[in-house]
Visitor: 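Have a look at this one before I ask anything.
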Amino acid sequence: MEIKKKEKLWVVSELYYPEETSTGYYLTKIAEGLVQDFEVGVICGQPNYSAKKITAPAFEKHKKVDIYRVFGTRFDKNKIPLRLLNMFTLSFSVFFKCLFKFKKNETVLVVTTPPLLPFITGICAKIKRAKHIPLIHDNYPEILIAVNKTKKDSLFSKLLNYFNRKLYRNAHRIIVVGRDMKELVAEKMSHSERGKICVIQNWAELETVSPAPRETNQLLKQLGLKDELVLLYAGNMGYPNDIESFLLVAEKLLGEDLFHFIFLGAGVKLKYLQNTVEKKKLKNVTILEPRPRSEQNMFLNACDVGIVSLTEKMRGVSMPSRTYNIMGAGKPILALCEPDSEIELVIKENKNGWAVIPDNPELLKKTIEAIATQKYNLAEMGRRSRKAAVETYSLEAAIEKYKKVLNPNASDNE
């Protein structure tokens with residue numbers, strides 16, 4: 001009996017194994033989850049986040065995936081000029097590797113971080129007549145508009161939207177990680193093209209994240225936290241994250257011993273966070289350095305409520321993947337997000353938290369105070385979080401969706 005040869009799938013991402021930062025983790029799991037159905041190859045850069053000190057081989061085979069790593073500068077990503085240099089050097093290297101590797105009718109899945117990658121791979125796919133599928137984690141230029149780095153009516157925004165429309169028109173399929181993102185992308189496409197958009201949410205890391213008793217948590221013991229309502233922010237503290245509102249609330253609650261805020265992570269707003277806590281003498285705020293992914297079950301369980309926080313104008317722009325791991329740990333969610341965003345939809349559907357509009361510290365304060373009076377409800381909300389993570393937001397469920405979308409024989413309207 002003749003064994004049918006697997007179709008070739010290329011995954012293109014700045015970050016991949018051994019990088020454990022969000023994008024690297026998710027693209028690694030997607031690639032490894034598809035090896036039973038596809039011959040999978042990865043084109044990526046060297047680790048530049050959590051595994052930055054590592055220089056990985058230019059080629060290696062890991063868990064049946066062929067990994068090709070290209071050159072790119074690895075300067076400080078928190079400095080805009082250096083970050084741009086990193087993006088351009090990586091994109092230049094990726095372009096030539098893709099041009100050399102892609103072949104006719106092969107499938108190319110590319111993540112939109114950094115934003116040049118989908119355009120670079122799109123050109124290569126068109127030249128080589130491969131099927132091009134952007135995976136949109138962040139929408140541009142909207143994310144730059146949200147953080148006041150450009151304006152909606154600027155020439156830059158208009159040019160980027162022009163190229164986005166061309167990119168979407170030539171794509172075989174388009175994958176987004178939220179229903180609000182689908183709406184935003186659809187606005188840039190004709191009605192006949194919108195059937196190409198597919199929603200595949202990210203997932204909870206159920207293999208390593210699970211509920212654990214609060215009273216035995218080592219981090220809470222180290223911090224001497226017992227009876228306080230502990231709210232945890234764990235993840236990147238970037239421009240799109242509303243850290244400011246929580247600090248204003250922490251200052252207003254400073255005279256009370258009922259509340260404590262933990263911020264664990266790094267990013268461009270970390271210095272602002274540190275300076276504010278020191279200046280305002282916020283004893284109810286603890287700042288911790290990033291911890292490895294291997295410790296996340298411990299720190300995700302070091303709270304009563306997990307925080308997800310976005311600024312204004314972020315609806316449809318991004319969906320923080322930390323949401324699903326908070327749910328995997330069986331914790332309720334307190335989200336700063338806009339109405340009808342993917343985060344709010346998840347919370348409403350599962351009745352596992354609270355959604356507050358960004359940049360409204362007074363409403364946020366009232367919500368946190370209300371949570372403190374309803375502590376008896378937190379365990380049940382946590383159970384609903386865990387149930388949704390297991391039944392809806394699992395790796396297995398996501399991989400099945402990817403298989404269906406990437407199936408080269410699937411029609412655009414499937």
Side-chain angles (χ1 to χ4, degrees), residues 10-28 30-31 42-52 56 67-99 108-125 132-150 156-157 159-164 166-168 171 174-177 181 184-185 188 202 235-241 266-268 314 317-321:
W10 288 102
V11 175
V12 183
S13 171
E14 175 191 13
L15 304 176
Y16 191 80
Y17 165 86
E19 185 60 71
E20 293 185 333
T21 300
S22 183
T23 301
Y25 165 81
Y26 281 106
L27 270 294
T28 299
I30 290 168
V42 169
I43 296 173
C44 62
Q46 286 286 342
N48 197 29
Y49 285 74
S50 61
K52 185 175 181 177
I67 308 169
Y68 299 87
R69 298 186 180 90
V70 301
F71 168 78
T73 55
R74 293 193 281 174
F75 297 124
D76 184 354
K77 60 188 178 297
N78 290 323
K79 296 179 180 178
I80 298 298
L82 296 181
R83 188 176 190 137
L84 289 173
L85 184 58
N86 291 346
M87 180 176 69
F88 282 113
T89 55
L90 176 74
S91 298
F92 185 81
S93 299
V94 167
F95 177 77
F96 286 101
K97 181 64 76 172
C98 291
L99 206 57
V108 179
L109 176 69
V110 56
V111 71
T112 55
T113 307
L116 269 182
L117 276 191
F119 298 101
I120 292 295
T121 54
I123 293 169
C124 293
H132 189 239
I133 303 178
L135 166 57
I136 301 177
H137 277 184
D138 298 301
N139 265 309
Y140 290 87
E142 287 79 10
I143 193 167
L144 299 176
I145 295 168
V147 300
N148 298 314
K149 297 300 179 183
T150 190
F156 175 78
S157 294
L159 279 172
L160 195 47
N161 275 323
Y162 169 78
F163 287 116
N164 276 334
K166 278 191 163 297
L167 177 73
Y168 300 156
I174 299 167
I175 300 173
V176 295
V177 295
M181 296 178 77
L184 185 58
V185 171
K188 303 177 185 181
N202 284 330
N236 186 54
M237 302 172 200
Y239 291 119
N241 305 114
V268 294
M314 284 294 291
V317 178
S318 184
M319 172 59 185
S321 56

Visitor: Is the F96 to F92 ring centre distance short of 6.0 Å?
Guide: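 Centroid separation for F96 and F92: below 6.0 Å.
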Visitor: Can you name the nearest heavy-atom pair linking A146 to M314, along with the distance?
Guide: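 In terms of heavy atoms, the two residues are closest at CB-SD, 3.6 Å.
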Visitor: Testing the basics here: between C44 and I67, what is the closest heavy-atom pair and its distance to 0.1 Å?
Guide: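 Shortest heavy-atom separation between C44 and I67 comes out as SG-CG2, 3.8 Å.
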Visitor: Would you give the length of the straight line joining atom CG of N236 to atom OG1 of T21, rounded to the nearest 0.5 angstrom?
Guide: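 The CG atom of N236 sits 9.0 Å away from the OG1 atom of T21.
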Visitor: Which atom names give the shortest non-hydrogen contact between S91 and I120, and what distance separates them?
Guide: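 S91 and I120 have their closest heavy atoms at O-CG2, 3.8 Å.
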Visitor: How long is the span from the CZ atom in F119 to the CZ atom in F95, to the nearest 0.5 Å?
Guide: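 F119 CZ to F95 CZ: 14.5 Å, rounded to 0.5 Å.
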Visitor: Taking side chain as C-beta onward, heavy atoms only, is M319 less than 4.5 Å from N202?
Guide: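 Sidechains of N202 and M319: no contact.
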Visitor: Once rounded to the nearest 0.5 Å, what's the spacing between atom CD1 of I133 and atom CG of L109?
Guide: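 Between I133 CD1 and L109 CG, I get 6.5 Å after rounding to 0.5 Å.
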Visitor: CZ of R69 to NZ of K97: how many Å apart, nearest 0.5 Å?
Guide: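 If I round to the nearest 0.5 Å, the distance is 12.0 Å.
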Visitor: With heavy-atom distances below 4.5 Å as the criterion, would you say the side chains of V42 and S13 are in contact?
Guide: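 V42 vs S13: side chains apart.
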Visitor: Quick one: closest heavy-atom pair of K188 and Y168, and the distance?
Guide: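 K188 and Y168 have their closest heavy atoms at CD-CE1, 4.0 Å.
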Visitor: Could you tell me whether the side chain of V11 reaches within less than 4.5 Å of the side chain of T28, counting heavy atoms only?
Guide: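 No, side chains not in contact.
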Visitor: Are the side chains of L84 and P81 in touch, meaning some heavy atoms are under 4.5 Å apart?
Guide: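 No, too far: nothing below the 4.5 Å cut-off.
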Visitor: So, for P115 and P118, which heavy atoms are closest and what is the spacing to 0.1 Å?
Guide: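 So the two residues come closest at O-CD, 3.3 Å.
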Visitor: Given I136, which partner from the list N164, I174, V110, L184 fulfils the side-chain contact (heavy atoms from CB on, under 4.5 Å) test?
Guide: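 Of N164, I174, V110, L184, side-chain contact (heavy atoms from CB on, under 4.5 Å) with I136 is met by I174 alone.
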Visitor: Mind telling me whether Y68 and W10 have parallel, tilted or perpendicular rings, with 30° and 60° as the class edges?
Guide: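 Tilted: the ring planes of W10 and Y68 meet at 30° to 60°.
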Visitor: To the nearest 0.5 Å, what is the distance between CZ (F75) and OG1 (T89)?
Guide: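 The CZ atom of F75 sits 7.5 Å away from the OG1 atom of T89.
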Visitor: Just by distance, with hydrogens left out, do D138 and T112 show a side-chain donor and acceptor under 3.5 Å apart?
Guide: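 No - no donor-acceptor pair under 3.5 Å links their side chains.
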Visitor: Measuring from T121:OG1 to I43:CD1, what's the distance to the nearest 0.5 Å?
Guide: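 One gets 9.0 Å once the value is rounded to the nearest 0.5 Å.
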Visitor: Going by heavy atoms in the side chains, are R74 and P47 under 4.5 Å from each other?
Guide: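 Heavy-atom side-chain distance check passes, below 4.5 Å.
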Visitor: Tell me the closest heavy-atom pair linking Y140 and L160, and the distance in Å.
Guide: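 Closest approach of Y140 to L160: CB-CD2, 3.7 Å.
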Visitor: Does one side chain, of T23 or T113, offer a donor that lies under 3.5 Å from an acceptor on the other?
Guide: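 Side chains of T23 and T113: no pair found under 3.5 Å.
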Visitor: Would you check, one step at a time, whether the test side chain to side chain contact (heavy atoms under 4.5 Å, CB included) holds for I123 with L99?
Guide: CA-CA 9 Å; I123 293 169; L99 206 57; over 6 Å; no
Visitor: The test is side chain to side chain contact (heavy atoms under 4.5 Å, CB included); show your working for L27 and E14 and say whether it passes.
Guide: CA-CA 10 Å; L27 270 294; E14 175 191 13; over 6 Å; no
Visitor: Can you confirm whether L167 sits close enough to H132 that some side-chain heavy atom of one is under 4.5 Å from a side-chain heavy atom of the other?
Guide: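 Sidechains of H132 and L167: in contact.
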Visitor: Does the side chain of S157 come within less than 4.5 Å of I145's, by heavy atoms?
Guide: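 Yes, their side chains come closer than 4.5 Å.
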